[in-house]
Amino acid sequence: MMASGYSAKEEDGHLPGASGAAGSGVAKSKKPDNTAFKQQRLPAWQPILTAGTVLPAFFVIGLIFIPIGIGLYVTSNNIKEFEIDYTGADMSSPCFNCSQSSSWNSTWPCRCSIAFTLDQPFESNVFMYYGLSNFYQNHRRYVKSRDDSQLNGDKSSLKNPSKECEPYRTSDNKPIAPCGAIANSLFNDTLELFYIDPNGTRTQIPLMKKGIAWWTDKHVKFRNPGGTNLNLSTVFQGTAKPVNWHKSVYELDADLENNGFINEDFIVWMRTAALPTFRKLYRIIQKKSNMTPTLPRGNYTLDITYNYPVLSFEGRKRMILSTISWMGGKNPFLGLAYITVGSVCFFLGVVLLIIHHKYGNRNNSADIPN
Amino acid sequence: MDFSMLRNLISRYCVGEENWVDNRTVYIGHREPPPGAEAYIPQRYPDNRIVSSKYTFWNFIPKNLFEQFRRIANFYFLIIFLVQLIIDTPTSPITSGLPLFFVITVTAIKQGYEDWLRHKADNTVNRCPVHVIQHGKVVRKQSCRLQVGDIVLVKEDETFPCDLIVLSTSRQDGTCFVTTASLDGESSHKTYYAVQETKAFNTEEEVDTLRATIECEQPQPDLYKFVGRINIYLDGNEPIARPLGSENVLLRGATLKNTEYIYAVAIYTGMETKMALNYQSKSQKRSAVEKSMNAFLVIYLCILISKALINTVLKYLWQGDPGRDEPWYNGKTQSERQRHVLIRAFTDFLAFMVLFNYIIPVSMYVTVEMQKFLGSYFISWDEEMFDEELGEGALVNTSDLNEELGQVEYVFTDKTGTLTENNMEFIECCVDGLVYVPLSVCNGQILPGASGIDVIDSSPEPAKKENEELFFRALCLCHTVQVKEEETVDGIKRGINQGKGTSFYISSSPDEVALVEGMKRLGFTYLRLKDSHMEILNRKEEIERFELLEVLNFDSVRRRMSVIVRSGTGQYYLFCKGADSAIFPRVVSGKVEQIRARVQHNAVEGLRTLCVAYKMLSPAEYEEVCHLLTSAKLALHAREKKLAEAYDVIEKNFILLGATAVEDRLQDQAADTIESLHKAGMKVWVLTGDKMETAAATCYASRLFRRSTQILELTTKRTEEQSLHDVLFELSRTVLRQRRSMLRESLSGLSNDFQDYGLIIDGATLSAVLKPSEDGSSGSYKEIFLDICRNCSAVLCCRMAPLQKAQIVKLIKASKERPITLGIGDGANDVSMILEAHVGIGIMGKEGRHAARNSDYAIPKFKHLKKILLVHGHYYYIRIAELVQYFFYKNVCFIFPQFLYQFFCGFSQQPLYDTAYLTLYNISFTSLPILLYSLIEQHVSMDILKRDPSLYRDISKNSLLCWRIFIYWTFLGVFDAAVFFFGIYFLFDDATFTSNGQMFGNWTFGALVFTVLVFTVTLKLALDTHYWTWINHFVIWGSLLFYVVFSLLWGGIIWPFLNYQRMYYVFMQMLSSGPAWLSIVLLVSVSLLPDVLKKVLCRALWPTTTEHIQNAEKLYLGQLSEFTPLSSQCTTPHRSGEAPSCSQRRSESFPKKLTYSGWNHNSDYHTVRPSPGFGNDFQPSDSGYTLGRPGLETSV
């Protein structure tokens, strides 16, 4: 046929691409950039969690956690801790009378003393805590009932404490310093420790009250109004003492460095505890020499000036003596948790290994070589 | 204005109401009629302004605020904020007020910006100039200033600015040609008429003298219906009244073609035009993810309320002991004591609500907004969706629906301009078994599928040659094509004949143009009709003249047309072309079998086929024919019927010449795209205003209907034969039988290859189905129809009015599965559908930007749908799903410890964390990693998503946000929270953990929990990240570092503006403790452990498709290539001689279209192509269809 001759050539003219070429030159400007980000083609690492890839991690976690746990557990067990409840709720307790009679109004301090025996010597520095139970220092009304700027030495706040301090803001139309419920309920028992020699003599153990509060709290966060050198009683003139206090804030300690708002007992108390059962550092018994233990084995008595009522809210008061390691006080929880988690990981690793072998072959292509 | 607005509103709600009571009277050119005319009630009409924007400058703030606070979350946060302002709460109002303000502002700015863009688009439309006749002169006006009654001058190729009545045209006969492609998708030219009395007014001055009124109905949305009357006052006498129908109305959006200019008068303007009435009001679309987000929110709200309730009740139980309520160390103020217990309890309840309100993450909304806004840029940045020809890439109009793109179950697509390029092309013709392809006559070559034709002779005998030329002449003569001489040389007008000629063809049928054009390429050029002589330029460059004696016009019943001509030599010929079913029974000789086979083959290829036949008439016969025709034409009574009878007598005893094949070119990769959508589990429906035959051919070509698809027909033709009721029930029985057998198969385990059904329904039948019938059984029709549709993999709805398209979408949306629908189209006729569907996608077509402007996303081509759904949609979905789940998770982790803490602080609403931590947790410590994750996460690579559309099924039905997974995340959150809290609790429990014996307080406790929390939550996200770019590393490790640095800084100095210094040095003190470090490591690992374990086990034991792919991904990487389902099968282009069996355009074959009943493997027509699956021929239906009607009929 006549047309058969020119088939091939004409076909070329009908290539689909031919028509589009003309428009592209004009359109260049609108064309999106061909960058990896805009085209969603950024180079990327594409990890996939499969039994194969996770397996080693499980074993590694197991192998790391178990020794750490054992270490922690052993450390915790080596810590010596002694605790004594001196609430005096029991009839048998020496402090029973005090606990019954004590209230905020009582002017006469009640004293009692409890004897106890340490079976083991406490070698290094010993930390003496008081502990309270069922005491809601973390109650919202309580937590916010303070004025941090007053405690930081701000003079206007001293005269005009924050509203948050209500109802412990003013007393007899005078502003309370320090205001608020926390300060008002400052723990005011006095604890003294005596060592009873085998021959019967009582030696008072020196209790150090320096270093029980955070350094930053004592030096930055808490400040007496008007600098350090002034006479505190004049500074605090025109303010009232908290209603429950027996003496004013500038009479807390004779040492000027530990008086007023920067009294360390006060600062420790002002750091509200997280849970209703808590302990707070009271004193530190420093190691005297390398030869003798800080607290040798033997009999002791704890002399208590019993001021702080806890029975009204079914609370408990304790005195705790504890040594401290690098990981703090006695707490077997962390060590046990580490051991448990480590073992679980190890066990899961084994389970995964089985699964991996059983099902990994089924889709062998599946596992990305690591 | 208000009056008409109201009516407008009513009219919208009364769509389909038959009787329109109210009328409007339009004074042409605003001239009063002579006295004595009917009483005139002045009406006010809206101006021609189109408004698609939502806000104005003035109402933006109140309206936007109202819209925003309608959102459940925003409203909730507003309430919380107000509660915090009023009562004494544990946290300050700033903690919730600031984020809320931020959210509201960001959203308002975003929405304002989007609305501003709409204003701009409106303005360009409203400001475009129109020509108006005023006082005999042409005046330019802005389009929006146009008034009802204005006389408008419209020139060729201009779009009508409003709905108009033609007064006169540049043509003598008062006709004009119009294409309504952007309105209803039909691109053919339609003829509109001026009224007899006005068509003579041809200049501005003349038009200006016209005194007439038009009475017409108030605007209604039906495009094809118009009832009106024009009263013309000629000499002050009685007015001449002429009826006006839809043939006189030019609709806004249509374009004037082939007519130099027209004068017309505006009757409906602005929002009252039929196009505007077919728009739907923009309602804010909510994505499915947002809906489940709201559902989760309600759950969390319930959790929150119950938490607050539990705590309140417990608090009062616990406080029953007076020593606990107010111990001596913690007194209440006087006013607190005096408050009534109920008020106290209520205040406590509110305070608990405020304390725990962070469990409902306000920041999630900010993050989601930001993710959507920023993430949508990836669509517009996508280079693959950039179209070089248009010079544009994809556009994002609403970013609210990004993730919905990954959830689509139903795709409703327009045909013209969306699936097809709306460009007919002559493919081949077959004369006596020889196949001709334009410009490359593949004589003697075995063409695809031509093996069935056994007579292929390479040496044509003279008789054959004669036949061949006769065939070509027949096609050159048998048509109603007009020739338009091209006056301008500069090629503004797009000639249908590319290149050589100076004239081009115009016809109401694009097929005819394609045929004549094809003939030209085969050597026979139709030149013109001059003095009733048709002139043809033959191959020898000679002009042949045929006298055109009679034209037996096409009608859809006969499905054929004929011409009778007298050749130069004085012979009378009758040429007939028509659908194969209309021709074959009338053929007496010719190579029927070969041609029939070829026709069927072509039909199977998705081409539109026509058969050509002729007969010679002796002069005596011609006389007889003439007589028959004239007597029929002159008959006053039942003229139509007599004409039909006459035609029937004349058109018989043909000699078959051959067949032609014309293709409506599909868009690039349309078939591939549809196949991918099918594989991804979506159902594709084609909704078109076009003819059924044309539409069906496209559906086959685009693989919507496959060769194995059984076609169910629900058309007017069928419902005429049977009642709608019977047809519906019959169809549903067929489908259900199939489903039952399918169920059995699936039980037996092999059900992959089941029969799929395709449904064809037309607009009239659809409205009958949807119409509520009198006896109240309407609901069941709808249900049955839906039931049938659900079981069809593809549905074709033809002859749809724009609003009907929206109705269909609405119907599916409202069906009981509540599937997610997507509407895609390119013309103004698709706008209502686009607005109605959950996701509306506009194609930036040649026919204006209506669709693109009103859509949620606009893409240049149909093929881009694949990427926007399968890749972008998929990514967006998994990203936002993780985002939502993660947000709830991290807030459970965040708040649950606070809840637990209440048990240890006397239910006093004491916050566990510091205010700064409470406020910043969601805003800065944990926000960036998840935002980044939700922007760039790719769980599998883009190429794999494209190559494997079935991955889309993994996320269908909102599967990542289903309750099971939501509960898993919540429990994971609760578990993690319990781990943090009790872990730290036991650590703190009356024990020292510093090496200097000092004790920590409650803030350290909180800080420690919080540190574990931040690390766990961030690392959890790190575990979920599958795509670690440097940005991920930067953000994840960076935000952890930021947390640490911030905490150091926050606790590092005394902040002068704060009235509390509770965090002073807390964090540093905590870090100085060994056990704190150890416990952070321990608790983070314990918290992450179950999730890792779950991931690993699920992947190993019950992997999903996605996980399989992920596992195998690395293996694939070597052989990556662009995936197209078809390209794998066929590589050579189809025109080359020995092309294999498929190509993109003439993709798959389709079966003979028969009705639904049965099918038979051993049919007569199995011979053509023994490709798998093709042998599925259907048995003749019981409804009177011709046996074995080959191929798809194409009416011309």
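A, B, ... follow the sequence lines: proteins, then strands. Residue 1 opens every chain. All values below were derived from every heavy atom in this structure, side-chain atoms included, with hydrogens, water molecules and symmetry-related copies excluded. As the structure is a computational prediction, the values presented were derived from the model and not from experiment.
Aromatic rings from B:Tyr1064 and A:Trp214 are positioned such that their centres are separated by 6.0 Å or more. A:Tyr136 and B:Trp318 have their aromatic ring centers within a separation under 6.0 angstrom.
Interface remark: B:Ser1085 contributes side-chain atoms only to the contact with chain A (heavy atom separation under 4.5 Å). Contact annotation for A:Ala273: only backbone heavy atoms (N, CA, C, O) come within less than 4.5 Å of a heavy atom of chain B. Using a 4.5 Å cut-off between heavy atoms, B:Tyr901 touches chain A through its side chain atoms alone. Of the two parts of A:Phe135, the backbone and the side chain both hold a non-hydrogen atom closer than 4.5 Å to a non-hydrogen atom of chain B. The contact between A:Asn152 and chain B is made entirely by side chain atoms (from C-beta outward), counting heavy-atom distances below 4.5 Å. Contact annotation for A:Leu42: both backbone and side-chain heavy atoms come within less than 4.5 Å of a heavy atom of chain B. Heavy-atom distances place no part of A:Ile320 under 4.5 Å from chain B, backbone and side chain included. Looking at A:Ile61, neither its backbone nor its side chain comes within 4.5 Å of chain B, counting heavy atoms on both sides.
Looking at heavy atoms from C-beta onward, A:Phe37 lies in side-chain contact with B:Ile1031 at the 4.5 angstrom threshold. Proximity of A:Ile355 to B:Leu1097: side-chain heavy atoms (C-beta onward) are separated by under 4.5 Å at one or more points. Inter-residue side-chain proximity for B:Tyr1065 and A:Asp217 is flagged as unmet; no heavy-atom pair is nearer than 4.5 Å. Counting heavy atoms from C-beta on, the side chains of B:Cys905 and A:His139 never come closer than 4.5 Å.
Annotation: side chain to side chain contact (heavy atoms under 4.5 Å, CB included) contacts of B:Ile1053 (sequence neighbours excluded): B:Trp1055.
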N/O donor-acceptor pairs under 3.5 Å from side chains in residues 998-1005 of chain B, not counting sequence neighbours:
unit_1, atom_1, unit_2, atom_2, d
B:Gln998, OE1, B:Asn996, ND2, 3.2
B:Gln998, NE2, A:Gly211, O, 3.1
B:Gln998, NE2, A:Ala213, O, 2.8
B:Asn1002, OD1, A:Thr272, OG1, 2.8

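The distance from the CG atom of A:Leu49 to the NE2 atom of B:His1026 is 6.5 Å, given to the nearest 0.5 Å.
The candidate with the highest count of non-hydrogen atom pairs below 4.5 Å against chain A, out of B:Pro327, B:Gly393, B:Gly331, B:Gly983, is B:Gly331.
Salt-bridge annotation for A:Arg41 and B:Asp943: present, with a side-chain N of the basic residue lying under 4.0 Å from a carboxylate O of the acidic one.
Relative ring orientation between A:Phe313 and B:Tyr329 is described as perpendicular, the plane-to-plane angle rising above 60° on a 0-90° scale split at 30° and 60°.
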